[in-house]
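I have placed the structure first, in the form of structure tokens, so that the comments after it can refer back to it.
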Amino acid sequence: MEIKALIHCADFSAKKHKDQRRRDPEKTPYINHPIGVAHILTEEAGITDINVIQAALLHDTVEDTNTTIEEIKEEFGEEIAGIVDELSDDKNLPKAERKRLQIVHAPSASPKAKLVKLADKLYNLRDLQRTKPEGWTSERVEEYFIWAAKVIDGLRGTNKQMEASLDELFKARNISI
Ligand code: NDP
Ligand code: ZN
């Protein structure tokens with residue numbers, strides 16, 4: 001049953017992210033982000049593929065908590081584990097290299113991973129547009145937008161609605177796309 005599968009993911013993700021907060025000054029609970037990414041996919045992008053929505057709910061568990069891909073495979077199966085794996089940076093690499101690899105790897109991601117990546121970037125850029133994280137300069141926010149635009153370049157042709165919303169954000173900041 002789809003509803004059971006979705007709540008299983010939301011519950012798993014909430015437990016894994018329970019001690020984390022977003023970087024905004026209000027220190028919003030971290031779980032707002034994966035739920036918001038899943039909501040962009042269902043509400044704005046018109047996505048009904050359950051595996052994509054489940055992967056969206058789980059997308060930061062491996063990268064940002066003690067969760068392993070094996071654990072995701074056991075709980076949710078091969079397909080979702082495969083998508084989450086594609087969405088997880090290799091934390092053994094230095095930050096700058098991880099950011100460079102996101103740009104390089106974006107075009108060869110699977111269509112399902114590309115959908116979650118677009119929704120993830122849209123959510124994070126809207127968050128940055130809303131308020132600057134504590135300790136971030138305007139230059140750092142600008143650099144983040146420019147980097148995200150490069151990643152998104154490799155994800156184009158995946159979803160009209162999300163790409164149009166992202167383009168609006170870039171246009172408002174005069175970032176050439
Ligand atoms: P981080 O990767 O440290 O932070 C951005 C990430 O934080 C997002 O991708 C998002 O990831 C998550 N996040 C949590 N809360 C928010 C929020 N409110 N709004 C948006 N994103 C949020 O930042 P950078 O991308 O800047 O990466 C660090 C790099 O910046 C390094 O290479 C470092 O060398 C450099 N740096 C630059 C500085 C500068 O002033 N230019 C200063 C210091 C470092 P998720 O989807 O996973 O939650
Ligand atoms: Zn994310």
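The chain is numbered in sequence order, starting from 1. Atoms within a ligand are numbered from 1 in the order they appear, just like the ligands themselves.
Counting non-hydrogen atoms of other residues, nucleotides and ligands closer than 6.0 Å to NZ of K150 gives a total of 12 or fewer. The number of heavy-atom neighbours closer than 6.0 Å to NZ of K91, taken from other residues, nucleotides and ligands shown, is above 12.
Between Y123 and ligand 1 there is no heavy-atom distance shorter than 4.0 Å. Within the 4.0 Å heavy-atom cutoff, E139 does not count among the residues contacting ligand 1. The closest approach between a heavy atom of Y30 and any atom of ligand 1 is below 4.0 Å.
Between the side chains of H33 and D60, at least one donor-acceptor pair of N or O atoms lies under 3.5 Å.
Counting heavy atoms only, K95 comes closest to atom 2 (O) of ligand 1 of the residues R98, K95, E97. Among H33, R100, Q129, R140, the residue whose heavy atom lies closest to atom 23 (O) of ligand 1 is R140. Atom 22 (C) of ligand 1 has its nearest heavy-atom neighbour, among K27, R22, R126, in R22. Residue nearest to atom 18 (N) of ligand 1, selected from L125, T28, D127: D127 (by heavy-atom distance). Proximity annotation for atom 46 (O) of ligand 1: of D64, N124, D24, N124 comes nearest, heavy atoms only.
Here salt bridge (charged side-chain N to carboxylate O under 4.0 Å, His left out) pairs that include residues 163-177, with residues two or more places apart or in two chains, are E142-R173, R156-D167.
Looking only at heavy atoms of the protein, atom 24 (P) of ligand 1 is closest to K99 NZ, 3.3 Å.
Proximity to D60 (heavy-atom distance under 4.0 Å) selects the following atoms of ligand 1: 45 (P), 46 (O), 47 (O), 48 (O). Taking every non-hydrogen atom of L128 and a distance limit under 4.0 Å, the qualifying atoms of ligand 1 come out as 19 (N), 20 (C). Atoms of ligand 1 lying under 4.0 Å from at least one heavy atom of Y144, given by number and element, are 5 (C), 8 (C), 9 (O), 25 (O).
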Output side-chain donor-acceptor pairs under 3.5 Å for residues 108-117, partner residues at least two apart or in another chain, one line each.
residue	atom	partner	partner atom	Å
S108	OG	H105	O	3.1
S110	OG	E86	OE2	2.6
S110	OG	A113	N	3.2
K112	NZ	D49	OD2	2.8
K112	NZ	E79	OE2	3.0
K114	NZ	P107	O	3.0

Please output the side-chain donor-acceptor pairs of residues 69-78 that fall under 3.5 Å, not counting sequence neighbours, one pair per line with the distance.
residue	atom	partner	partner atom	Å
E71	OE1	T68	N	3.2
E71	OE2	K16	NZ	2.9
E75	OE1	H8	NE2	2.8

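The shortest side-chain heavy-atom distance between E44 and L122 falls under the 4.5 Å cut-off.
Sorted by chain and number, the protein atoms of type N, O or S within less than 2.8 Å of the Zn ion (ligand 2) are H33 NE2, H59 NE2, D60 OD2, D120 OD1.
The backbone and the side chain of R23 each have at least one atom closer than 4.0 Å to an atom of ligand 1 (non-hydrogen atoms only). Contact annotation for D120 and ligand 1: only side-chain heavy atoms (C-beta onward) come within less than 4.0 Å of the ligand.
Here's the thing with E143: one of its N/O atoms is less than 3.5 angstrom from an N/O atom of ligand 1.
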